[in-house]
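Only one structure is covered here, and it is reproduced in the block below.
Numbers here are sequence positions counted from 1. Since we're looking at a predicted model, the values are computed, not measured.
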Amino acid sequence: MVRALSAVTFLEWFGASVGLPLLPVYLEDRGASSVTVGLVVAAYFAAGVLLQYVFGRLVDKVTPAPVLRAGLFVFAIGGLTLALPLTPGLFAISRLLQGAGAGAAEVAALAAVGAVVPAGQRGRAFASIYGSQLAGMAIGPLIGSIIGAFSVTAVFVAGGLISLLAWIPIAMLRSRVGAEALRPAATNIEDDLEVQAAETAATTEESARRSSMARRVLIGSVLTAAAFGLTVGVYETCWTLLLTQRGAANWQV
């Protein structure tokens, strides 16, 4: 299951990053200002911020599999619409769809790992998911620049189609291990019962201490993620424009 979800994540982010380096130039060629470029790029992340928690609650109710499939479909639609002859501002809608789809797929994949993989192996499983994400983002821009040498529009068509290929690992997963592959395993239910029993036996003071520690850990994690996300968002908006202003070709970008 982890291998299948890693393949899904790789293809999704491969498709997402194929057009990413050329997106600011693509928008500028259609008359977009620097502010519009920033808004279009930011729309992807805004959708993730606003909707990932919603998708997380949905996963808890309907299991990860349908949310994962729907997310991949919405993500691909958002990528394909970038190839349409729209006004620059309307491309923000395409990016919103991409961000919403990516957020749903990421939450579903990670929730499936958390539900099925035993606690002692989750670190490696999560590392596989995130490693596949970075691998897709490492290869995508290079392939996009090669395609962009012939047609920038074709880059976004290719990105959407690559994202649709992520359905193949899901289909293979279901055919090999059945529909229960993305549902919580019984071992995790036992783990939950053990945790509940331990919490019941703990004193009120100990429970308060743990709760306080959990809040501090959560706040620290959120601040770290926010700082990292801010850096990445600024970088992804500006670096293509900076390089092209200095005369870089698409393949160098």
Side-chain angles (χ1 to χ4, degrees), residues 3-32 34 36-38 40-45 48 71-88 90-99 101-102 105-106 128-170 172 231-253:
R3 285 195 294 269
L5 292 176
S6 297
V8 169
T9 303
F10 171 79
L11 290 169
E12 178 193 2
W13 287 92
F14 181 14
S17 60
V18 160
L20 189 59
L22 303 181
L23 180 59
V25 178
Y26 180 71
L27 293 172
E28 280 199 330
D29 289 343
R30 282 154 179 76
S34 296
T36 302
V37 172
V40 172
V41 173
Y44 178 95
F45 303 101
L72 291 173
F73 180 76
V74 171
F75 183 89
I77 294 299
L80 290 171
T81 54
L82 287 171
L84 297 177
L86 305 175
T87 58
L90 290 178
F91 284 118
I93 298 176
S94 300
R95 293 284 291 170
L96 284 170
L97 291 173
Q98 278 192 309
E106 182 172 18
S128 178
I129 299 295
Y130 283 115
S132 299
Q133 182 184 101
L134 292 175
M137 295 179 71
I139 297 173
L142 180 60
I143 301 300
S145 69
I146 295 173
I147 300 173
F150 302 95
S151 171
V152 177
T153 302
V155 172
F156 299 104
V157 175
L161 295 178
I162 291 169
S163 301
L164 286 176
L165 291 178
W167 279 57
I168 295 176
I170 297 177
M172 294 175 62
T231 304
V232 171
V234 172
Y235 178 77
E236 289 187 346
T237 304
C238 298
W239 69 300
T240 299
L241 301 177
L242 174 65
L243 290 174
T244 52
Q245 285 176 358
R246 295 185 177 181
N250 285 348
W251 69 269
Q252 291 173 314
V253 174

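Looking only at side-chain heavy atoms (C-beta outward), L134 and W13 stay at 4.5 Å or farther from each other. Looking at L27 and T36, their side chains never come closer than 4.5 Å, going by heavy atoms from C-beta outward.
For the residue pair S163 and A16, the shortest heavy atom distance occurs at OG-N, 4.4 Å. In plain terms, the two heavy atoms of G144 and L22 that are nearest each other are O-CD1, 3.9 Å. Across all non-hydrogen atoms, the minimal contact from L241 to P24 is CD2-CB, 3.7 Å.
To the nearest 0.5 Å, atom CG of residue L23 and atom CD of residue E28 are 10.5 Å apart. Atoms OG1 and CZ, on T81 and F156 in that order, are 10.5 Å from each other to the nearest 0.5 Å.
Aromatic ring pairs are classed by plane angle as parallel below 30°, tilted from 30° to 60° and perpendicular above 60°; the pair F10 and F14 is tilted.
Between the side chain of T9 and the main chain of Y130, no donor-acceptor pair closer than 3.5 Å is present.
Contacts of S145 classified as side chain to side chain donor-acceptor pair (under 3.5 Å), with partners at least two apart in sequence or in another chain: none.
Heavy-atom neighbours of F73 CZ from other residues, nucleotides or ligands within 6.0 Å: at or below the threshold of 12.
Cation-pi geometry between R30 and Y26 is met: under 6.0 angstrom from the ring centre, within 45 degrees of the axis.
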